[in-house]
Amino acid sequence: MTEGYLRNRYSVTMRRMPTSTPTSNRNSPDKPQLPVISLAELQSLLKNLGQPAFRAKQIIDWRNKGVLNPDEMKNIPGELRAILKDELLCEPLRLIRRQLSSDGTRKYLFALNRPRVSGKMVESVLIPEEKRGTVCISSQVGCVLDCPFCHTGTQAFEANLTAGEIVAQVLAIKSDLRSEPMSGDLHNDITHIVYMGMGEPLANEDGVHGSLAALLSDEGLKLSRRRITVSTSGLVPQIKRLGELFQVNLAISLHSAIDELRDSLVPINRKYPLKQLRNCLNHFPMGKQRHITLEYVLLHETNDRDEDLQALIDFVNPERERVNLIQFNPYPGSPYEGSSKEHMSKFAQNLISKGIRATVRRSRGEDIMAACGQLKAETSDQ
Ligand code: SF4
């Protein structure tokens with residue numbers, strides 16, 4: 001498939017991006033959401049309702065274990081359980097479907113519970129390994145961008161998730177791991193979070209910033225910044241704000257280091273071309289041991305040619321960045337073919353020979369279609 005074919009096949013457009021600022025409250029639900037309420041907020045709410053403040057800590061402890069249904073909070077009196085259900089949106093998500101892969105990967109389909117967007121669905125994936133458990137979470141229903149190789153990109157943008165809905169994905173998976181632990185040597189807890197599911201996280205700064213604050217908080221899951229990665233297609237001003245506010249790991253969906261081709265594969269490149277992205281990455285704040293990950297899905301005869309390799313070598317700053325080569329996860333009707341395993345490994349070796357750290361990401365959960373957007377589309381088709 002040639003670059004020209006790509007441009008002709010997809011008259012690539014960007015859906016209107018919602019204007020998003022960290023302070024606006026556009027997509028907030030009417031009630032506070034239990035997954036992200038702070039201890040002080042909950043204490044104040046209980047006090048106003050004539051309830052003892054110490055109950056707030058008990059409720060937060062249940063919440064942090066993944067228990068969001070007040071009826072399951074054993075040390076909370078019945079009257080208070082009823083109050084919680086009235087005053088808070090305790091369970092912002094409903095589990096619709098769960099799929100288990102033979103390699104231990106679990107994929108979840110959730111429906112939103114909030115007025116106006118009730119029933120809209122998002123996906124999350126748990127990827128267990130021996131020493132870590134990574135959860136890949138969604139930040140939008142559909143996506144505001146139209147990356148043509150991505151299944152989510154083929155689905156209409158429907159809503160930004162709230163911070164509570166983003167954190168609720170993590171808590172629901174925590175709860176699932178408690179009721180059905182991993183078998184064998186696979187790690188049985190959540191150690192890492194990646195914002196790589198459905199949606200462009202930085203087009204939903206309200207939800208993503210709020211969720212990061214909650215996940216990093218000592219009152220919440222107390223995750224380390226080093227264990228959270230936000231992946232973006234390259235929204236330059238938003239990347240700068242992310243670096244200023246949260247020193248989490250950054251991943252860029254690069255997929256081409258040639259502007260003309262990247263304009264097609266990652267349409268946001270038309271707004272923020274590679275030169276601007278390069279400059280922004282050079283200034284992104286990082287600790288000494290850390291690096292920025294450049295994600296690169298290898299597509300047969302699209303972005304895996306010699307000229308693509310050379311452009312990538314020229315683009316990467318080996319001191320601060322590493323390249324993650326990703327096997328294309330095909331979906332029904334997808335017009336692309338992934339590069340062969342041999343070609344991927346040759347591509348990686350060529351990068352390594354130039355002093356660039358490059359890894360080939362093994363595709364997980366292929367038997368349950370674990371690439372983002374696939375379970376939702378499959379369920380919607382039924
Ligand atoms: S790759 Fe990411 S930004 Fe692009 S359409 Fe898919 S979900 Fe959206």
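In listed order, ligands and their atoms are each counted from 1. Note that the structure is predicted; figures quoted are calculated from it, not measured.
Here Cys147 has heavy atoms under 4.0 Å from ligand 1 in both its backbone and its side chain.
With hydrogens and angles ignored, the 3.5 Å screen pairs a side-chain donor or acceptor of Asp259 with a backbone N or O of Leu274.
A donor-acceptor pair shorter than 3.5 Å can be found between the side chains of Asp314 and Gln310. Using modelled atom types and a 3.5 Å distance limit, the side chains of Thr162 and Glu165 yield a donor-acceptor pair.
The stretch residues 231-240 participates, sequence neighbours left out, in no salt bridge (charged side-chain N to carboxylate O under 4.0 Å, His left out) pair at all.
Taking a cut-off of under 4.0 Å to the non-hydrogen atoms of Cys143, the atoms of ligand 1 that pass are 3 (S), 5 (S), 7 (S), 8 (Fe). Within ligand 1, counting atoms from 1 as listed, the ones closer than 4.0 Å to a heavy atom of Cys150 are 1 (S), 5 (S), 6 (Fe), 7 (S).
Using a 4.0 Å heavy-atom cutoff, Gly199 is listed among the residues neighbouring ligand 1.
With a 6.0 Å cutoff to the six-membered ring centre and a 45° limit on the axis angle, Arg278 counts as a cation-pi contact of Phe315.
Between atom 6 (Fe) of ligand 1 and His151 there is no N/O/S contact shorter than 2.8 Å.
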